[in-house]
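Inspection log for the structure reproduced underneath, given as structure tokens.
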There are 2 protein chains.
Amino acid sequence: MEQQLTIKQIAQLAGVSVGTVDRVLHNRGKVSDKALAAIQAVLDTQSYKYNIHTSAVAFKKTGKSLHLLISIPSSEKGEYWDLVKSGLDRALREYGDISINYEYRFFDQFSSLSCHEVFEAVASQSCSAVILGTTFIEETRELCCRLDERGVPYVFVDGSVPGTHPVGTFMVDQSVCGRLLARLMDGLTPADTDIAVLLPRRIGTQMSNNSALRLQAFRDFFAENRSGRVIQEGFFSVANSPDGASELDSFLESNPRIGGIAVVISAGYRVADAVSAAGRKGIVIGGFDITEGNARCVRAGTIDFLINQHPDRQGFYAVESLLHYLLYGAPDKNMRQLLPIDIVFLENL
Amino acid sequence: MEQQLTIKQIAQLAGVSVGTVDRVLHNRGKVSDKALAAIQAVLDTQSYKYNIHTSAVAFKKTGKSLHLLISIPSSEKGEYWDLVKSGLDRALREYGDISINYEYRFFDQFSSLSCHEVFEAVASQSCSAVILGTTFIEETRELCCRLDERGVPYVFVDGSVPGTHPVGTFMVDQSVCGRLLARLMDGLTPADTDIAVLLPRRIGTQMSNNSALRLQAFRDFFAENRSGRVIQEGFFSVANSPDGASELDSFLESNPRIGGIAVVISAGYRVADAVSAAGRKGIVIGGFDITEGNARCVRAGTIDFLINQHPDRQGFYAVESLLHYLLYGAPDKNMRQLLPIDIVFLENL
DNA sequence: CTTTTCAATGTGTCCGCACACAAAGGTAGA
DNA sequence: TCTACCTTTGTGTGCGGACACATTGAAAAG
């Protein structure tokens, strides 16, 4: 509604030239105390907001171009990290007006060695900023130290790492996810049945940090809750093996009172497929994220609900905020975010 | 990544001047077939995308300013239409770089007369575009006819009206909302209890279209569903009267097997307050939208879940898309949207 | 053949900002 | 006093697009 304050107006009001105002706003020095005070006085009276459009246009003229390095786990199409990537891509496309160069550096989410190697390359490559998928805490911390030294800004997607200094973090609260999973399982299954919570079994890797947080919150919910439900913890194999199905089979046979199965990772569709292959009906299954496999199962009715972390949105915001930071410097309040969590049933898929 | 194609480049490739290219892109006539063909040829080869930043900047120079009329129901702070308004406001703020003037025209959502009068004023006022909250179908249709005649574009928020020609519609699917409500009530209540669905009782007004759609979908769900649950339909008063509570009291007494109450409008907190005032516990209550009252009840544990239509998002997108349309003419694919529906529990509020 | 007319096309200016560069003011050493 | 040098300040240019306006060219009218 109101006319936006422009640099020129500030200059006029403060009795200096636009160049000086520009220097103050970007605090790139060489300004006398007097000029600074005069400009500050104006800024205190009226609030100034960058015009992102003109900023972006002027940025082009500088000929500079931003170089982003994006290092996240590789992933099959439609799986979790591919959804993150699609959000990143969407943002990069949307902000294509600004000239941005970017490179993906994928690592194996189950191999800390792979992560280490890739991060090594990232650390030694020159760039404007880095976007990191936080899977391996130690490796990430190490990389961040080196980036800090070089003064290269970075943002996290899907997790945070204590002791680092990212300019942004985009994640959901895993404890909330776990409690929500628990609450829904508790509510959606008959009170006289048991509830199973299934964890991925992987050879030679420990559980991911996110899964562990979810599991803990899941346990906590029932520990605090007076419902007295019995929780059975079990494992399933994420690999495509016949063993996986039979393992689940025997789990269900030894726990015949199971009324619901909660899966703490995004591979819930594997469990759902095994359960329906076993001909078991009436078991409520809940999992995480609208991956292709999960979406298929929800449509087929074999998965009852999903807790969606909006991986694509996380990716999108990461790029958006980072660009904002790089162009306007101001580390704005949107940079550290716990994003909202959605619950998805067949109807609102 | 790749360099964006500019008007200047197109002009060069087609062997014409930027002015001609500009005329073609905005199809504002006066272009020879030859020039048109040449430019088309270039556009077929490489795809051109407006640079929104420079577009916006150039728009300023024209000195034109957009005039938006926004006519939606008035609402208490924190209630449904106030949430819509906050989304509209947010978008108007975010796009403040472009010089936009806007005026709100509120009407009483329970009075078709009020709506008629306000729409009358809207119809006769000059403006660039109109945003309408579709509450009264007939009145809206009439207004749209007059806007169509004048060539004034308009978008709808929260509903559609057959026989009109909006450039955009931002709503959620009410049938999906109703089914989701039914599915959640069915799943979250013990199978041996009855389910109540409560409708607002208002003096002298009929049920809103949205409520009716939700109710129908709710009924359909249980009609198709083999669960054999008993559904009790009842009324509650939206006014702040002691009668409201006692009415609900007697409803609950005459239906002692009620295990869950579904409220098809966003005033669920009134029901929840009455139920807890009556000292009734263990009844699952589900409602619509994160209004202030509903949020309070979810936090207090008196409402179990909400189906959130994201009214703020609807408002935001309405403004955003409309501006896109006004500035670039292209009625893009984002203009007709069924927005996603969220489910909200205490944990992910 | 000249003048008028008008569609088709080209040119120039500005939007607000970023930054390079030029200019001005001040201080110190010769 | 003058030059050298540094700090502070001002000016000019261009980013890509939008549109007013000037220009061209060819057909129609005189």
Side-chain angles (χ1 to χ4, degrees), chain A residues 3-39 46 48-66 95-100 324 326-330, chain B residues 3-39 43 46 48-66 95-100 323-324 326-330:
Chain A
Q3 195 56 260
Q4 282 292 337
L5 194 62
T6 70
I7 280 196
K8 204 184 284 180
Q9 285 168 15
I10 298 176
Q12 200 161 15
L13 290 170
V16 296
S17 73
V18 290
T20 307
V21 175
D22 181 74
R23 252 156 272 163
V24 170
L25 289 174
H26 294 78
N27 45 280
R28 66 178 94 145
K30 269 79 225 187
V31 176
S32 68
D33 294 347
K34 199 178 98 192
L36 188 105
I39 292 168
Q46 313 180 38
Y48 173 72
K49 212 187 100 207
Y50 280 94
N51 183 320
I52 53 163
H53 301 301
T54 36
S55 262
V57 171
F59 179 78
K60 290 214 85 155
K61 129 123 199 202
T62 69
K64 286 186 199 165
S65 103
L66 297 174
Y95 286 90
D97 296 335
I98 307 163
S99 93
I100 305 171
H324 194 88
L326 290 171
L327 294 178
Y328 315 122
Chain B
Q3 195 57 262
Q4 282 291 337
L5 194 62
T6 70
I7 279 198
K8 205 183 284 180
Q9 285 168 14
I10 297 176
Q12 200 161 14
L13 290 169
V16 296
S17 74
V18 290
T20 308
V21 174
D22 181 73
R23 252 155 275 166
V24 169
L25 289 175
H26 294 79
N27 44 279
R28 63 175 92 107
K30 269 84 225 187
V31 176
S32 69
D33 294 348
K34 201 177 98 192
L36 188 106
I39 292 169
L43 291 179
Q46 313 179 40
Y48 173 72
K49 211 186 100 206
Y50 282 95
N51 183 321
I52 53 162
H53 301 301
T54 31
S55 269
V57 171
F59 178 78
K60 290 214 84 154
K61 131 120 201 204
T62 67
K64 286 185 200 167
S65 102
L66 297 175
Y95 287 90
D97 296 335
I98 308 164
S99 93
I100 305 171
L323 291 180
H324 194 89
L326 289 172
L327 294 178
Y328 315 122

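Chain A is the first sequence line, chain B the second, and so forth, proteins listed ahead of strands; every chain is numbered from 1.
Distance, B:Y50 OH to D:dA18 C1': 10 Å, rounded to whole Å. Here the C1' atom of nucleotide C:dC15 and the CG atom of B:N51 are 13 Å apart, to the nearest Å. Spacing between atom CD1 of B:I52 and atom C1' of D:dA18 amounts to 16 Å, rounded to whole angstrom units. Note: CG (B:D22) to P (D:dA20) measures 10 Å, nearest angstrom. Between the C1' atom of D:dG17 and the NZ atom of B:K8 lies a distance of 10 Å, rounded to the nearest Å. Atom NZ of A:K49 and atom P of C:dC17 are 11 Å apart (whole Å). Spacing between atom CZ of A:F59 and atom C1' of C:dA20 amounts to 16 Å, rounded to whole angstrom units. Protein atom NE2 of A:H26 is 12 Å distant from nucleotide atom P of C:dA20, rounded to whole Å.
The side-chain contact (heavy atoms from CB on, under 4.5 Å) check on B:V21 picks up B:I7, B:I10, B:A11, B:V16, B:L25, B:I39, with sequence neighbours excluded. Applying the side-chain hydrogen bond (donor to acceptor under 3.5 Å, both in side chains) test to B:T6 and every residue at least two apart in sequence or in another chain returns nothing. For A:T54, the side-chain hydrogen bond (donor to acceptor under 3.5 Å, both in side chains) partners at least two apart in sequence or on another chain are A:N51.
Atom NZ of B:K34 is surrounded by 12 or fewer heavy atoms from other residues, nucleotides or ligands within 6.0 Å.
Axis angle between the ends of the helix from C:dC1-D:dG30 to C:dA30-D:dT1, five pairs each and rounded to 10 degrees, works out to 70°.
Side-chain N/O atoms of B:H53 include none lying less than 4.0 angstrom from OP1 or OP2 on D:dG16. Side-chain nitrogen and oxygen atoms of A:T54 include none within less than 4.0 Å of the OP1 or OP2 phosphate oxygen of C:dA18. At the phosphate of C:dG16, neither OP1 nor OP2 sits under 4.0 Å from any side-chain N or O atom of A:Y48.
One distance of note links CD1 of A:I52 with NE2 of A:H324; it measures 8.5 Å at 0.5 Å rounding. Rounding to the nearest 0.5 Å places CD1 of A:I100 at 9.0 Å from OH of A:Y95.
Ring geometry for B:H26 versus B:Y50: interplanar angle over 60°, hence perpendicular rather than tilted (30 to 60°).
Considering every non-hydrogen atom in both B:Q4 and B:Q9, the closest pair reads O-OE1, 3.8 Å. The shortest non-hydrogen separation linking A:K64 to A:S99 is O-OG, 3.7 Å.
In this structure, B:K60 does not pair ionically with B:D97, as no charged nitrogen and carboxylate oxygen lie closer than 4.0 Å.
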**Request:** Determine, for nucleotides 7-13 of chain C in 5'-to-3' order, which nucleotides have protein heavy atoms under 4.0 Å from the base (write B), from only the sugar-phosphate (write S), or from neither (write -).
**Result:** -SBBB-B
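Listed nucleotides D:dG16, C:dA18, C:dG16 differ in distance to A:K60; the shortest reach to its side chain belongs to D:dG16.
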Using a cut-off of under 3.5 Å, enumerate the N/O to N/O pairs linking the protein to nucleotides 22-27 of chain D.
none

